[in-house]
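Following: one structure in structure tokens, then a few remarks.
Worth knowing before you read on, the calculation uses all heavy atoms, side chains too, and leaves out hydrogens, waters and symmetry mates. Along the sequence shown, residues are numbered consecutively beginning with 1. Owing to the predicted nature of the structure, the values given are computational and were not obtained by experimental measurement.
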Amino acid sequence: MVAVCLSTQSTPTLAALGEITTAPVATKSIASSAASSFPAARTTLVVSIRTHEILLDSGTTVKEFATPQGRVFAVSWRGPVLPDFPTVLGNHFPAFQQSAERARDNGVRKSTLALNRDGLVMRSTGRMRAFEGFAYLPALVPDGVVIDDLVQ
């Protein structure tokens, strides 16, 4: 069961990956069940995360996922234009930039960039007017959160 409490914001602001967000955000509780060794027994884990969604002027939607304390552990994007990666990735932008440059120097000309380096996992794909992707910091993902469920 997922409960969502929505909030609104008048001016869009983004916190970079790994930073503390100061924006009002929705709180989402994620409940997952795990079967125990007893067939009739179930354990339920409820994890609270904070979400923040911004529609940029470009038409691209960026979602931030933060711990209950507000530290952004993941971001996702979807829209006609890529987000400003230095803003979204913050201190993790150089790792992305180096991987993108290395791929380009090696002659890789793909519409998909996948990165798992320096504590950053990222995937960006698309073409003009249809981009999507996500980035997250595995070390900051709260226990019980299935990252694939969030960034899809």
Side-chain angles (χ1 to χ4, degrees), residues 1-36 42-104 110-126 129-152:
M1 170 185 231
V2 176
V4 179
C5 171
L6 298 176
S7 65
T8 59
Q9 176 179 314
S10 59
T11 56
T13 59
L14 288 170
L17 201 56
E19 293 180 357
I20 300 290
T21 183
T22 57
V25 293
T27 300
K28 181 184 290 186
S29 294
I30 302 170
S32 62
S33 296
S36 71
R42 287 215 174 276
T43 302
T44 300
L45 174 64
V46 177
V47 179
S48 292
I49 61 169
R50 299 171 68 185
T51 61
H52 179 217
E53 184 172 315
I54 292 179
L55 178 62
L56 303 176
D57 290 339
S58 66
T60 296
T61 300
V62 176
K63 292 181 185 177
E64 295 177 334
F65 303 94
T67 63
Q69 298 77 24
R71 184 159 315 272
V72 177
F73 65 86
V75 293
S76 67
W77 57 89
R78 180 176 297 219
V81 177
L82 288 168
D84 179 52
F85 285 134
T87 300
V88 171
L89 299 176
N91 294 336
H92 302 278
F93 177 71
F96 159 74
Q97 189 175 34
Q98 289 171 358
S99 291
E101 288 172 0
R102 188 175 305 120
R104 185 183 65 236
K110 292 182 181 179
S111 61
T112 299
L113 175 66
L115 168 66
N116 187 346
R117 178 176 164 213
D118 299 334
L120 171 67
V121 176
M122 182 175 166
R123 179 175 166 85
S124 182
T125 187
R129 296 182 294 284
F131 293 99
E132 64 182 313
F134 61 85
Y136 67 94
L137 303 173
L140 295 182
V141 176
D143 290 339
V145 171
V146 179
I147 198 73
D148 292 337
D149 293 343
L150 290 181
V151 297
Q152 300 215 11

Nearest heavy atoms of His52 and Thr21, plus distance in Å: ND1-OG1, 4.4 Å

OG of Ser124 to CZ of Phe85, rounded to nearest 0.5 Å, is 4.0 Å

Where Val72 and Leu140 come nearest, the two heavy atoms and their spacing: O-CD1, 4.0 Å

Might you confirm whether atom CZ of Arg102 has over 12 heavy atoms from other residues, nucleotides or ligands at distances under 6.0 Å? yes

Are any side-chain N or O atoms of Thr60 and backbone N or O atoms of Val81, one a donor and one an acceptor, separated by less than 3.5 Å? yes

To the nearest 0.5 Å, atom OG of Ser76 lies from atom CZ of Phe65 at 4.0 Å

Partner of Leu17 by side-chain contact (heavy atoms from CB on, under 4.5 Å), out of Val88, Asn91, Leu120: Leu120

How long is the span from the CG atom in Leu56 to the OG1 atom in Thr61, to the nearest 0.5 Å? 7.5 Å

Aromatic plane relationship, Tyr136 with Phe134 - under 30° parallel, 30 to 60° tilted, over 60° perpendicular: parallel

Residues Pro80 and Ser58: closest non-hydrogen pair is CG-O, 3.3 Å

Of all the heavy-atom pairs spanning Ala16 and Leu89, show the shortest one and how long it is. CB-C, 4.2 Å

Kindly indicate, with the supporting measurements, whether the criterion side chain to side chain contact (heavy atoms under 4.5 Å, CB included) is fulfilled by Leu150 and Val141. CA-CA 11 Å; Leu150 290 181; Val141 176; over 6 Å; no

Could you state the interatomic distance from NE2 (His92) to CG (Asp118), rounded to the nearest 0.5 Å? 9.5 Å

Atom CZ in Arg117, atom CD in Gln98: separation rounded to 0.5 Å? 4.5 Å

Between Arg123 and Trp77, what is the shortest heavy-atom contact and its length? O-CZ2, 3.9 Å

Is it true that a side-chain atom of Arg71 and a backbone atom of Gly18 form a donor plus acceptor pair closer than 3.5 Å? yes

Value rounded to 0.5 Å, distance of NZ in Lys63 from CG in Leu55: 12.0 Å

Distance-minimising heavy-atom pair for Pro68 and Ser48: CG-O, 3.2 Å

Is a side-chain N or O of Glu64 found less than 3.5 angstrom from the main chain of Ala15, in a donor-acceptor match? yes

With respect to Leu14, which candidate in Val75, Thr87, Asp84 satisfies the side-chain contact (heavy atoms from CB on, under 4.5 Å) definition? Thr87

